[in-house]
Amino acid sequence: MKSIRTRFAPSPTGYLHIGGVRTALFCWLFARKHGGQFILRIDDTDQQRNVQEAIAPILHGLRWLGIDWDEGPDVGGVHAPYYQSQRFDKYQAAVDELLRRGFAYRDFARADEIQAERDTAINEKRTFTYSRRWMAETDADAKRFESEGRQCVIRLKMPRTGELVIDDLIRGKVTFDWAAEQDHIIQRADGSFIYHLANIVDDEDYKISHVIRAEEHLSNTPRQIFMIQSLGYDLPEYAHLPFVAEPGSKTKLSKRKLDKYLKNKDFAKMVEHGKSIAQKIGIETTDDGFNPVIIEFYEKVGYLPEAIVNYIALVGWALDDKTEFFLMQDLIEKFSLDGVTKGAASFDPQKLMAFEEKHFLTKTAEEKIKYCVPFLEAAKIFPNENSEILGSLIEAAGDRIKVAGDILGFADFFATDNAVEFDEVAYKKRITDPKDAVNLLSQFRELLDKEEKFDRHSLETLMQNFVNEKSIKINDIIHALRVAITGKSIGLGMFETLEILGKKRVLQRLTRICD
RNA sequence: GGCCCCGUCGUCUAGCGGUUAGGACACGGCCCUUUCAAGGCCGCGGCACGGGUUCGAUUCCCGUCGGGGUCACCA
């Protein structure tokens with residue numbers, strides 16, 4: 001049995017798209033599940049200046065998610081190089097072979113001449129088929145065309161009868177008429193190569209057994225199979241994944257349509273949440289990477305990579321009718337192409353956040369601290385003299401911290417006690433307006449001052465006794481107390497807050513109100 | 001427009017001829033409650049439509065409609 005080898009082949013675009021993540025993940029899972037190899041190849045046939053710079057975020061993103069590769073950039077491998085830009089000699093050899101075998105030809109048509117033929121076909125409502133009028137069958141032809149000042153591209157001499165049936169692992173049998181296919185260009189006038197040619201040459205060289213890729217490549221498959229067969233290569237298995245769609249739509253998710261997605265309430269909320277964290281740690285939110293379509297976004301804001309993996313695995317794949325929580329190991333064990341859905345699946349920010357919360361909740365206290373510390377440091381509020389409260393703060397916050405960056409919402413716990421900022425509305429409602437608030441706070445402060453045991457339970461008892469004695473309701477004082485201590489009307493449990501801050505700091509904060 | 005793919009609650013999905021069509025997220029309500037979350041309970045909500053095939057169709061076939069992908073000297 002042929003060994004399982006899959007590949008993910010990003011172009012050096014400078015970012016890792018969420019749809020790309022899903023494709024990479026499925027390829028990776030399939031390889032790992034079957035004890036095969038996962039290969040990373042860089043599709044940089046249209047040479048750019050800074051390929052290294054443009055692939056860095058992609059490699060980083062994959063690693064962050066826990067997706068590693070057995071062969072590819074950085075790690076090398078027996079089939080190196082893994083950059084298409086460094087493999088032109090192989091492509092040239094393949095083109096020459098195709099030419100030699102008569103499955104490709106030199107074409108001297110100008111772009112406008114091809115376009116004219118195409119327009120005519122459209123006007124006559126028939127499928128466009130190139131006349132091959134400028135096809136050079138002999139060197140003499142070529143010379144003649146050249147003497148007319150024409151340039152030459154290499155085209156595939158595609159079949160014009162019969163049909164092709166692809167047995168796709170996800171879609172089943174898909175039939176194409178050869179007659180509807182074009183004589184696609186495989187080598188440009190400047191000698192550079194087109195992706196499809198490079199793609200099949202590399203897949204053959206790397207011995208890729210399963211081509212698992214997004215659905216948009218399904219209609220490219222006939223021309224690739226034509227080349228594969230013409231060159232006598234082994235045909236890989238194909239599995240065309242549905243693409244990841246926009247929130248609330250079936251259109252392919254795209255990095256460029258951020259403005260459109262922002263009109264989606266849930267998506268906008270996700271971006272806002274991310275921005276509020278980014279601003280606290282001085283991350284630029286206007287650049288391309290700060291976009292939930294790009295994986296960088298999640299790392300910057302403090303999402304857990306395992307939550308992203310868990311969620312994205314479930315966009316277009318399911319194990320059964322109930323299991324939803326998966327760790328990477330579970331996915332490797334359970335993943336199967338049989339479970340892949342056919343229809344496009346929308347990206348749902350709310351569901352992602354639900355997974356994020358679940359995964360964060362399973363973390364130990366130490367792990368949570370480890371995730372949160374870098375954010376506190378980035379916000380320059382850590383370490384400071386109050387550092388020792390971090391553990392108890394995180395514990396008390398519970399699932400109020402869903403992504404690591406959420407810790408910054410509790411920055412006030414580390415603030416200098418007389419520098420806590422008050423929410424104006426809350427201050428007016430809970431402290432200025434109620435006629436007795438300041439008076440009650442002063443009285444309660446005296447009790448706190450005398451209190452020896454400053455733990456949440458003792459404090460609660462203290463409060464209960466206080467309200468009983470005063471014949472007031474706890475509501476009459478506790479909201480004022482919260483605003484006085486934290487500046488806000490919402491927050492952790494009141495007594496936990498007091499305990500975490502400690503007696504000295506609580507009294508100091510209260511002094512600002514009472515004196 | 002040609003070719004190809006897809007179509008189960010708002011969203012992600014289970015289902016692979018006989019189910020009260022199941023779960024999750026979201027949403028609504030109630031409970032709990034010092035706020036906000038969380039949690040518990042309950043609820044809302046779906047097989048696109050029309051023909052077949054069959055004793056019986058969400059499931060198989062055809063058509064319609066709808067959505068999407070692709071038609072580059074991009075990948």
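Labels below follow one simple rule: chain letters A, B, ... track the order of the sequence lines, proteins then strands, and each chain is numbered from 1.
Base pairing of B:C25: its partner is B:G10, meeting the Watson-Crick or G-U wobble criterion (both donor-acceptor distances under 3.5 Å). Remark: B:U70 base-pairs with B:G2; criterion is Watson-Crick or G-U wobble with both hydrogen-bond distances under 3.5 Å. Across all strands shown, B:U33 remains unpaired; no Watson-Crick or G-U wobble contact has both distances below 3.5 Å. Pair assignment for B:C49: B:G63, on the basis of Watson-Crick or G-U wobble contacts that are both within less than 3.5 Å.
Less than 6.0 angstrom separates the ring centroid of A:F26 from the ring centroid of A:F335.
Side-chain atoms of A:H196 and A:L156, non-hydrogen and from C-beta on, never get closer than 4.5 Å to each other. With a 4.5 Å cut-off on side-chain heavy atoms, A:T221 and A:H240 count as touching.
In terms of the side-chain contact (heavy atoms from CB on, under 4.5 Å) criterion, residue partners of A:K260 (sequence neighbours excluded) are, by chain and number, A:E246, A:K257. In terms of the side-chain hydrogen bond (donor to acceptor under 3.5 Å, both in side chains) criterion, A:E272 has no residue partners (sequence neighbours excluded).
As rounded to whole Å, 17 Å separates atom C1' of B:U35 from atom NZ of A:K473. Between A:I18 atom CD1 and B:C12 atom P there is a gap of 15 Å when expressed in whole angstrom units. Rounded to whole angstrom, the span from the OH atom of A:Y105 across to the P atom of B:C73 amounts to 12 Å. Atom-to-atom, CE of A:M463 to P of B:U33 comes out at 17 Å; the value is rounded to the nearest Å. Separating the CD1 atom of A:I312 from the P atom of B:U13 is a distance of 11 Å, rounded to the nearest angstrom.
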Pairs under 3.5 angstrom only: tabulate donor-acceptor contacts from the side chains of residues 393-401 of chain A to other protein residues two or more places apart or in another chain.
| unit_1 | atom_1 | unit_2 | atom_2 | d |
| --- | --- | --- | --- | --- |
| A:R400 | NH1 | A:A396 | O | 3.4 |
| A:R400 | NH1 | A:A397 | O | 3.4 |

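Distance check: A:Y195 OH to A:H184 NE2 gives 13.0 Å after rounding to the nearest 0.5 Å. Annotation: the span from A:T23 atom OG1 to A:R213 atom CZ amounts to 10.5 Å, rounded to 0.5 Å.
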Completion exercise
In 5'-to-3' order, the base (B), backbone-only (S) or no-contact (-) status of each nucleotide in nucleotides 21-29 of chain B, using a 4.0 angstrom heavy-atom cut-off, is -BBBSS---
Handout entry: Contact pattern, 5' to 3', of nucleotides 36-42 of chain B - B, S or - by protein heavy atom under 4.0 Å
Key = BBS----
Problem - Base-contact (B) and sugar-phosphate-only (S) positions in nucleotides 59-71 of chain B, heavy-atom cut-off under 4.0 Å, - elsewhere - result: --------SSSS-
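With a 6.0 Å cutoff to the six-membered ring centre and a 45° limit on the axis angle, A:K358 counts as a cation-pi contact of A:F355. Annotation: cation-pi geometry satisfied between A:R155 and A:Y130 (NZ/CZ under 6.0 angstrom from ring centroid, within 45° of ring axis).
Residue order along RNA chain B, read from the 5' end via each residue's closest nucleotide, puts A:L218 first among A:L218 and A:I474. The 5' end of RNA chain B is approached more closely, in terms of each residue's nearest nucleotide, by A:K173 than by the other of A:K173 and A:Q84.
Ion pairing of A:D183 with A:R160 is present here, as a side-chain N (NZ or NE/NH1/NH2) and a carboxylate O approach within less than 4.0 Å.
Comparing atom distances between the A:H479 side chain and each of B:C4, B:A75, B:U34 picks out B:U34 as nearest. In the set B:U34, B:U13, B:C6, B:U13 carries the atom at the smallest distance from any side-chain atom of A:A318. Checked against B:C73, B:C4, B:C6, the side chain of A:F176 finds its nearest nucleotide in B:C4.
Here A:A180 lies out of heavy-atom contact (under 4.0 Å) with every strand.
Of all heavy-atom pairs between A:I212 and A:C27, the closest is O-SG, 3.2 Å.
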